[in-house]
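Heads up: the structure comes next, in structure tokens.
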Amino acid sequence: MDRFGATIFGCEGLQLSGEERAFFRDVRPFGFILFGRNIESADQVRALCEDLRACVPHHAPILIDQEGGRVQRFRAPLASEFLPPLEQVVAAGENAERAMYLRYRIIAHELLSLGLDANCAPMVDVAHKGTHPFLKNRCYGYDSDSVSRIGRAVADGLSDGGVLPVVKHMPGHGRAVVDSHFDLPTVAAPVEELDADFAPFKALSDLPMGMTAHLVYEAIDAAPATTSAKMMQLIRDVIGFGGLIMTDDINMKALKGSLGALSRASIDAGCDVVLHCNGDFAEMQEVAQATGEMTDAAQIRAEAALAARKSPDTVDIEALSAELKAF
């Protein structure tokens with residue numbers, strides 16, 4: 001198999017430009033990610049997914065953030081609308097695991113029908129009293145045990161529907177009191193208090209893909225987790241995550257420095273692949289030049305992630321939707 005580029009890229013619009021096609025053919029990104037700017041109709045999305053995959057020699061995963069609630073790129077009528085995850089969990093009570101399985105099995109069906117086969121979920125950051133609003137109602141709960149169990153249900157729902165789950169944000173973003181899209185969160189908690197934050201990621205350490213958090217754990221390293229070799233080692237050795245590690249969007253304002261330098265630092269720290277989302281062509285060129293091809297170890301993990309994609313089981317989606325609405 002050809003060596004993958006160590007990147008996951010977005011694209012600018014509803015269809016690829018000739019410039020984008022040539023660039024993607026040249027750098028062979030591992031995967032692609034879609035946002036609202038790339039979505040107009042079902043047929044248009046399917047055509048865009050086909051065109052993206054035609055640019056690379058492998059069946060590239062096409063990702064999206066489809067959590068349901070505030071963070072979902074597909075909206076009605078292209079996809080079901082859901083409560084924010086934390087509200088869904090509270091409403092379902094003792095049936096929360098089943099409800100979240102059903103929710104993400106439905107999401108998987110909808111994504112796969114549009115040509116997408118990877119979702120940036122489950123998000124198993126443990127909520128705290130001071131968790132920033134950008135994250136809080138996207139969480140599944142306030143204790144690591146229930147978050148772990150619900151996170152497994154989410155991952156199973158996606159996987160059973162033929163969609164790769166991407167667990168996030170490693171090693172835990174729940175203590176963040178600022179929005180990492182705009183600022184760098186800093187966590188001052190001692191190491192012994194962080195075990196509960198790490199626990200859901202340990203419980204899901206067998207998943208094929210994971211996403212880093214752009215935040216600093218002062219007790220471990222002064223560098224953000226995405227660019228910290230110490231934090232990447234913790235994710236591998238303490239949390240035990242063996243899958244492909246992708247960065248969160250390298251363009252988020254939590255990280256300071258040039259995109260090239262940040263991309264290279266992420267790979268040097270131990271990330272396998274750099275995520276760049278906004279589709280800006282000059283920026284993508286800078287990121288691709290800095291990252292190059294995957295390392296041997298990253299390539300093995302990437303191939304394992306692709307092999308983890310399952311054929312969806314046959315289900316009655318209307319029946320699943322009715323069951324979910326009953327909770």
Side-chain angles (χ1 to χ4, degrees), residues 31 33-34 42 45-46 49 53 59-69 71-74 78-86 88-89 91-92 94-124 138-141 145-168 170 200-211 241-244 246 301-327:
I33 188 166
L34 299 190
V45 170
R46 292 186 194 104
C49 290
R53 289 196 174 103
H59 188 77
I62 299 181
L63 296 80
I64 201 160
D65 292 291
Q66 192 75 357
E67 298 173 6
V71 178
Q72 62 176 87
R73 312 305 180 196
F74 289 110
L78 292 182
S80 302
E81 301 271 0
F82 294 101
L83 292 170
L86 190 56
Q88 182 99 65
V89 167
E94 64 182 12
N95 297 308
E97 287 174 65
R98 178 63 179 169
M100 292 294 274
Y101 173 88
L102 293 169
R103 170 189 176 118
Y104 284 88
R105 180 63 186 84
I106 294 165
I107 287 173
H109 174 79
E110 293 172 343
L111 292 181
L112 203 64
S113 73
L114 292 165
L116 294 91
D117 60 1
N119 192 12
C120 297
M123 196 195 84
V124 294
R138 298 163 58 195
C139 297
Y140 304 156
D145 181 62
S146 64
V147 170
S148 299
R149 288 185 283 102
I150 293 169
R152 177 63 67 182
V154 168
D156 287 349
L158 291 171
S159 184
D160 288 351
V163 170
L164 281 174
V166 181
V167 63
K168 63 186 184 185
M170 297 190 297
F201 297 96
K202 291 182 179 180
L204 299 176
S205 61
D206 60 313
L207 292 188
M209 295 179 65
M211 178 189 291
F241 188 78
L244 187 78
M246 57 187 278
R301 288 189 281 262
E303 291 175 10
L306 296 184
R309 288 184 292 200
K310 297 165 56 176
S311 297
D313 55 358
T314 302
V315 293
D316 183 337
I317 293 296
E318 288 187 7
L320 297 187
S321 298
E323 183 184 351
L324 178 58
K325 289 175 182 176
F327 292 138

Of L112, N119, L114, the one forming a side-chain contact (heavy atoms from CB on, under 4.5 Å) with L116 is L114

Rounded to the nearest 0.5 angstrom, the CG-NE2 distance for L158 and H109 is 14.0 Å

Distance-only side-chain donor-acceptor flag, Q88 / R103, under 3.5 Å
yes

Yes or no on side chain to side chain contact (heavy atoms under 4.5 Å, CB included) for R138 and L86, after CA distance, side-chain angles and deciding distance?
CA-CA 6 Å; R138 298 163 58 195; L86 190 56; over 6 Å; no

Is the shortest side-chain heavy-atom distance between C49 and L34 below 4.5 Å?
yes

From D206 CG over to F241 CZ, what is the distance, rounded to the nearest 0.5 angstrom?
8.5 Å

Side chain to side chain contact (heavy atoms under 4.5 Å, CB included) for R152 and L204? Distances and angles first, verdict last.
CA-CA 7 Å; R152 177 63 67 182; L204 299 176; 3.5 Å; yes

Salt-bridge present (K168, E67; N to O < 4.0 Å):
yes

pair V45-F74: side-chain heavy atoms closer than 4.5 Å
yes

Any sub-3.5 Å donor-acceptor pair from R98's side-chain atoms to A153's backbone N or O?
no

Pair I33, D65 - check side chain to side chain contact (heavy atoms under 4.5 Å, CB included), show working.
CA-CA 9 Å; I33 188 166; D65 292 291; 4.2 Å; yes

Starting from the C-alpha separation in whole Å, work towards a yes-or-no answer on side chain to side chain contact (heavy atoms under 4.5 Å, CB included) for I317 and E110.
CA-CA 10 Å; I317 293 296; E110 293 172 343; over 6 Å; no

How many angstroms lie between atom CD1 of I62 and atom CG of L111, to the nearest 0.5 angstrom?
11.0 Å

Backbone N or O of S80 within a donor-acceptor pair of the Q72 side chain at under 3.5 Å?
yes

Using only atom types and a distance under 3.5 Å, with no angle test, would you say the side chain of D316 pairs donor to acceptor with the backbone of E318?
yes

For residues Y101 and D160, is any side-chain donor paired with an opposing acceptor at under 3.5 Å?
yes

Rounded at 0.5 Å granularity, tell me how far CD in Q66 sits from SG in C120.
11.0 Å

Are D156 and R105 within salt-bridge range, i.e. N to O under 4.0 Å?
no

If we only count heavy atoms from C-beta on, is the M100 to V89 side-chain gap below 4.5 Å?
yes

For salt bridge (Lys or Arg N to Asp or Glu O under 4.0 Å), just list the numbers for K310 and D117, CA-CA rounded to whole Å, side-chain angles, deciding distance to a tenth of an Å, and then say yes or no.
CA-CA 10 Å; K310 297 165 56 176; D117 60 1; over 6 Å; no

From I150 CD1 over to C139 SG, what is the distance, rounded to the nearest 0.5 angstrom?
11.0 Å

Keeping the roles fixed (side chain from Y140, backbone from M123), state whether a donor-acceptor pair exists under 3.5 Å.
yes

Could you state the interatomic distance from CG (L102) to CD (E323), rounded to the nearest 0.5 Å?
4.5 Å

Work out which heavy atom in D313 is nearest to a heavy atom in G161; give both atom names and the distance.
OD1-N, 4.5 Å

Would the distance check show the side chain of R309 and the main-chain N or O of S159 forming a donor-acceptor pair, the cut-off being under 3.5 Å?
no

